[in-house]
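These notes concern the structure reproduced below.
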Number of protein chains: 2
Amino acid sequence: MNFEEKLLDSKRIYTGKIINVEEETVQLPDGKNAKREIVRHHGAVALLCITADDKMIFVKQWREPLRKTTLEVPAGKIEPAEEQSPEETAKRELNEEVRLRAERLEQIAVFYTSPGFADEKMFLYHAQGLSPVAQALPQDDDEFLNVYELTLAEAQEQIKAGLICDSKTIMAVWYWMLKLRSV
Amino acid sequence: MNFEEKLLDSKRIYTGKIINVEEETVQLPDGKNAKREIVRHHGAVALLCITADDKMIFVKQWREPLRKTTLEVPAGKIEPAEEQSPEETAKRELNEEVRLRAERLEQIAVFYTSPGFADEKMFLYHAQGLSPVAQALPQDDDEFLNVYELTLAEAQEQIKAGLICDSKTIMAVWYWMLKLRSV
C-alpha cells in the first residue's frame with residue numbers, strides 16, 4: 001500500500017548555521033491533515049580507521065547537546081558550498097581531526113540518523129592505507145578534541161561504560177567485529 | 001584534557017510536539033564564545049523482533065522528512081507524561097505497530113542518534129518470546145504502516161536497495177548477524 005503524505009504547506013521556523021527547522025502541513029492517506037516538525041541538515045561523514053597494530057581511532061570531545069564528553073569516530077558535516085562529494089568531506093575530516101590520509105575509502109553504509117524528525121544523511125567509510133598527512137589543514141576554531149587509539153576489547157568496554165554512545169560510532173565498532181568474525 | 005563548554009545562555013527558539021529547538025551560547029576552552037544549535041527530543045525505543053521461522057519484523061511507512069517510504073524496525077517515541085521507562089514504551093509500540101507481546105526485552109544498545117545537534121537517546125531491544133497480543137492498543141491516528149517479515153538475506157538486500165536506510169534498523173540487522181556468527 002502507498003502511504004505517501006501530500007505536502008500542503010511548509011513554513012521555515014528557524015534558520016541556523018548547522019540546521020534549519022521547518023513545520024510542514026501534510027495530507028494523510030485518510031484525507032486528514034497533520035503537522036510534521038522537520039530538521040534539515042546538510043549531511044555528514046564518519047570514518048572507521050584501524051591502525052597497523054589493530055587499534056581503532058577515536059576522537060574525544062565535548063558534546064554540548066548531551067552536556068558530556070564522548071568518544072566518537074572521526075566525523076564531520078558536509079559543507080554544501082565547498083564540497084562536491086562526501087568523499088571530499090571524509091578526506092578533509094581525516095586530515096583535520098586525526099592528521100591522516102587514506103589510500104582508499106570503502107563505503108560501509110549510508111543511513112539517516114533520525115528519520116522521524118530529521119533528514120541528516122550519514123556516509124560511513126572504512127579508511128584504508130593510512131599514513132600521516134604531509135600538510136595539516138587548520139582545525140575548526142570552535143572544535144577541541146583529543147585523539148585516542150583503542151583495541152576492540154577496549155572499545156567494547158567504552159560502549160558499556162557509555163563514553164562510546166552514538167549510533168555511527170557503535171556501528172563502526174560492530175562493522176569491525178563483523179569483519180573479524182567473517183575471516 | 002577537559003574540553004567542557006560553559007553554558008552562558010540558552011534561548012528557546014521553537015516549541016513543537018516532538019522537538020524543541022534551543023540556541024545556546026557557550027564559553028569554549030580557549031575563553032571565546034560560540035553558538036550551539038540544539039534539538040531537544042524525549043527519546044525513543046526500537047525493537048529487533050525475530051520470528052520462530054527466523055525472519056525479522058519490519059514496518060513500512062512514509063517518512064516525510066525524507067519524502068520517501070522506508071522499512072524500519074518497530075519503534076516509537078517515549079511519551080514523557082505517560083511512561084516511566086523505555087521498556088514500557090517498547091511494550092506499547094510492539095503492541096501498537098506489530099500486535100505482539102514479548103516475554104523478555106533484552107537491551108542491545110543505548111545510543112544518541114545525532115550527538116552533534118540533538119539529544120535524542122535511542123534504546124534498542126531484542127524482543128524475545130513473541131506471541132500475538134490478547135488486546136490490541138489503538139494506533140496513532142497520524143501513523144500509517146504495513147508489517148513485513150524478511151529473512152536475513154532479504155534484509156541485507158533491502159539495505160543495498162536503500163529501503164532499509166536508518167541507523168537503528170541497520171544496527172538491528174548487524175546485531176542479528178553478529179549473534180548468528182558468534183554461535
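Below, read A as the first sequence line, B as the second, and so on, with proteins coming before strands; counting in each chain starts at 1.
The greatest number of non-hydrogen atom pairs below 4.5 Å with chain A, out of B:Val26, B:Ile19, B:Leu28, is found for B:Ile19. Among the candidates B:Ser114, B:Ala34, B:Gly162, the residue making the largest number of heavy-atom pairs closer than 4.5 Å to chain A is B:Ser114.
Looking at A:Glu72, the atoms closer than 4.5 Å to chain B (heavy atoms on both sides) all sit in the side chain, from C-beta outward. Proximity to chain A is limited to the side chain of B:Glu23, based on heavy atoms less than 4.5 angstrom apart. Residue contact with chain A, scored on non-hydrogen atoms closer than 4.5 Å, involves the backbone and the side chain of B:Glu5 alike. With a 4.5 angstrom heavy-atom cutoff, B:Asp30 touches chain A via backbone and side-chain atoms both. Looking at A:Lys17, the atoms closer than 4.5 Å to chain B (heavy atoms on both sides) sit in the backbone and in the side chain alike. Of the two parts of B:Val21, only the side chain, counted from C-beta on, holds a non-hydrogen atom closer than 4.5 Å to a non-hydrogen atom of chain A. B:Leu7 touches chain A through backbone and side chain together, each having a heavy atom under 4.5 Å away.
At a threshold of 4.0 Å, the pair B:Arg67-A:Glu4 counts as salt-bridged, since one of the basic side-chain nitrogens sits closer than that to a carboxylate oxygen. Ion pairing between a basic and an acidic side chain is recognised when a charged N comes within 4.0 Å of a carboxylate O; A:Asp142 and B:Arg36 show such pairing.
A:Lys6 NZ: 12 or fewer foreign heavy atoms inside a 6.0 Å radius.
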(message) Pair A:Thr69, B:Phe3 - check side-chain contact (heavy atoms from CB on, under 4.5 Å), show working.
(response) CA-CA 8 Å; A:Thr69 301; B:Phe3 292 140; over 6 Å; no
(request) Decide side-chain contact (heavy atoms from CB on, under 4.5 Å) for B:Phe117 and A:His41; before the verdict, give the C-alpha distance in whole Å, the side-chain angles of both, and the deciding distance to 0.1 Å. (result) CA-CA 10 Å; B:Phe117 68 88; A:His41 185 285; 3.5 Å; yes
(message) B:Met171 vs A:Ser167, test: side-chain contact (heavy atoms from CB on, under 4.5 Å). Steps then yes/no.
(response) CA-CA 8 Å; B:Met171 285 176 78; A:Ser167 52; 4.0 Å; yes
(request) Could you check B:Glu37 against A:Tyr14 for side-chain contact (heavy atoms from CB on, under 4.5 Å), going step by step and ending with a plain yes or no? (result) CA-CA 10 Å; B:Glu37 300 163 8; A:Tyr14 174 66; 3.2 Å; yes
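Both A:Phe111 and B:Leu152 are part of a single hydrophobic cluster, where members link through side-chain heavy atoms under 4.5 Å apart. In this structure, A:Leu178 is a member of the same hydrophobic cluster as B:Ile159, with clusters built from ILVMFWY side-chain heavy atoms closer than 4.5 Å.
Shortest non-hydrogen contact noted between A:Pro65 and B:Pro115 is CG-O, 3.4 Å.
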